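Inspection log for the structure reproduced underneath, given as structure tokens.
Since the model is a prediction, treat every value here as computed from it, not as a measurement. Each chain gets a letter, A, B and so on, in the order its sequence line appears, and its residues count up from 1.
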There are 2 protein chains.
Amino acid sequence: MKMSDGVEWAVHCCVVLTAASGPVPAARLAQFHDVSASYLAKHLQALSRAGIIASVQGKDGGYRLTRPADEVSVLDIVEAVDGARPAFVCTEIRQRGPLASPPEACTRPCGVLRTMAAADEAWRASLRATFVADLARGMDEQYGVGAMEPARAWLAAPH
Amino acid sequence: MKMSDGVEWAVHCCVVLTAASGPVPAARLAQFHDVSASYLAKHLQALSRAGIIASVQGKDGGYRLTRPADEVSVLDIVEAVDGARPAFVCTEIRQRGPLASPPEACTRPCGVLRTMAAADEAWRASLRATFVADLARGMDEQYGVGAMEPARAWLAAPH
DNA sequence: GCCGAGCTACTCGGATAGTTCTTGTCCGAGTCAATGAGG
DNA sequence: CCTCATTGACTCGGACAAGAACTATCCGAGTAGCTCGGC
């Protein structure tokens with residue numbers, strides 16, 4: 001019941017990409033956050049497959065957001081990196097053992113699964129309500145308006 | 001982001017214990033659900049450590065619920081078996097890299113953590129609202145009133 | 001017939017290997033921009 | 001001065017090991033009930 005560390009990296013990268021004026025290479029995003037470049041690349045590829053970011057090949061290429069930041073929910077990122085499968089998988093325990101329920105009586109999911117699924121949906125709904133744009137705004141509120149400007153400049157400056 | 005399979009077993013065991021008239025050995029619970037006895041024992045020990053069930057030693061011993069079934073929430077079981085730590089752990093990425101925020105500016109948790117924590121709390125609240133007694137009632141509603149009676153008889157019968 | 005010590009069998013509890021999944025890394029295919037020559 | 005082919009370097013993308021967590025298992029410590037002998 002542990003979420004992949006890559007989720008945190010991916011979310012921060014999306015927030016940073018909000019401030020970028022052009023495509024940003026994966027290596028520079030890794031340097032910005034001081035994390036493993038190779039491993040971050042793996043997660044950025046997942047975001048790319050999910051259609052959240054798009055890759056620009058060749059020189060001066062990199063990644064950029066495909067949609068406006070207020071249309072990318074945190075849930076989108078979590079599902080792209082960590083998988084969209086629910087955390088709980090029902091193994092149909094009720095159909096096993098000496099008092100197994102017959103399959104024809106198990107058309108409706110069992111109570112345990114229903115409870116877990118409801119909790120999972122509540123979790124997803126909460127993540128679906130927050131967007132990358134909200135997180136970027138939170139930066140400004142916490143560190144002062146214009147807090148993203150140094151990031152934009154750093155990303156644009158040559159290294 | 002996958003929940004331990006033992007959680008499902010533990011919840012079902014708690015529901016079955018609702019129908020039991022006395023202590024039930026771990027081996028019999030395993031036989032009832034057709035799962036590994038050794039591994040189920042591990043999870044029952046976790047429930048025991050959490051105070052959800054109590055062990056009775058010696059002959060005719062086993063496990064029994066310590067509280068009424070309407071006072072044991074599904075969240076209690078999940079936290080006992082799978083751990084109470086939140087799924088998302090913030091590694092304070094904002095304090096790393098060339099544009100790291102100074103520690104004195106990070107008294108409040110960052111926006112990503114706040115979002116994840118809120119979702120985690122929504123998930124927990126949902127699980128906290130369902131009790132073992134509700135699941136037992138669901139059995140009766142789905143399979144007919146008195147559906148738990150054969151289970152009680154099977155647990156009491158000698159093997 | 002009643003009591004008690006001893007014993008047996010059964011219970012849980014924690015320490016111990018095997019396996020799957022996540023983490024972390026690498027090199028190759030593809031692509032865009034810059035460059036230099038030619039018209 | 002403008003156009004175009006060539007070159008070059010930089011980008012992503014998927015395939016490849018290492019480590020950790022989960023899964024599964026075993027045997028030892030402890031306890032309650034039963035048995036048998038004595039009173």
Using the rule given for salt bridge (Lys or Arg N to Asp or Glu O under 4.0 Å), can you reason through B/Asp140 versus B/Arg137, listing the C-alpha separation, both sets of side-chain angles and the distance that settles it, and then say yes or no? CA-CA 5 Å; B/Asp140 285 339; B/Arg137 262 194 297 276; over 6 Å; no
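In this structure, CD of B/Gln45 is placed 14 Å from C1' of C/dT16, rounded to the nearest angstrom. Going from atom CD of B/Gln57 over to atom P of C/dG14 covers 11 Å, rounded to whole Å. Look at CZ on A/Arg64: it is 12 Å from P on C/dC32, rounded to the nearest Å. Separating the NZ atom of A/Lys42 from the C1' atom of C/dT25 is a distance of 10 Å, rounded to the nearest angstrom.
For A/Lys2 and A/Asp5, the salt-bridge test passes: some basic side-chain N is under 4.0 Å from an acidic carboxylate O. Using a 4.0 Å cut-off between charged side-chain N and carboxylate O, B/Arg94 and A/Glu8 make no salt bridge. With respect to B/Glu121 and B/Arg124, no salt bridge is recorded, no charged nitrogen being found less than 4.0 Å from a carboxylate O.
Taking a heavy-atom distance under 4.0 Å as the criterion, the stretch of DNA chain D touched by chain A extends 5' to 3' from D/dC10 to D/dA15.
Among the nucleotides C/dG24, C/dG13, C/dT11, the one closest to the side chain of B/Ser55 is C/dG13. Of all nucleotides listed (C/dT11, C/dC10, C/dA33), C/dT11 comes nearest to the side chain of B/Pro25. Between C/dT16, C/dT23, C/dC26, one nucleotide has an atom nearer to the side chain of A/Lys2 than all others, and that is C/dT23.
Taking only side-chain nitrogens and oxygens, A/Tyr39 never comes nearer than 4.0 Å to OP1 or OP2 of C/dT25. Look at B/Arg49 and you won't find any side-chain N or O under 4.0 angstrom from OP1 or OP2 of C/dG13. Between A/Ser36 and C/dT23 there is no side-chain N or O to OP1 or OP2 distance below 4.0 Å.
Backbone-only contact: B/Ala26 has heavy atoms under 4.0 Å from sugar-phosphate atoms and none from a base. Within 4.0 Å (heavy atoms only), A/Gly62 reaches sugar-phosphate atoms of the nucleic acid but no base atom.
With sequence neighbours left out, the side-chain contact (heavy atoms from CB on, under 4.5 Å) criterion links A/Ala80 to A/Leu47, A/Ala50, A/Ile52.
Projected onto DNA chain C by closest heavy-atom contact, A/Val56 and A/Trp9 fall at different nucleotides, the more 5' of which corresponds to A/Trp9. Residue order along DNA chain C, read from the 5' end via each residue's closest nucleotide, puts A/Met3 first among A/Asp60 and A/Met3.
At a threshold of 4.5 Å between non-hydrogen side-chain atoms, the residues A/Arg64 and A/Val24 do not count as touching.
Residues A/Arg114 and A/Pro109 come closest through the heavy atom pair NH1-O, 2.6 Å.
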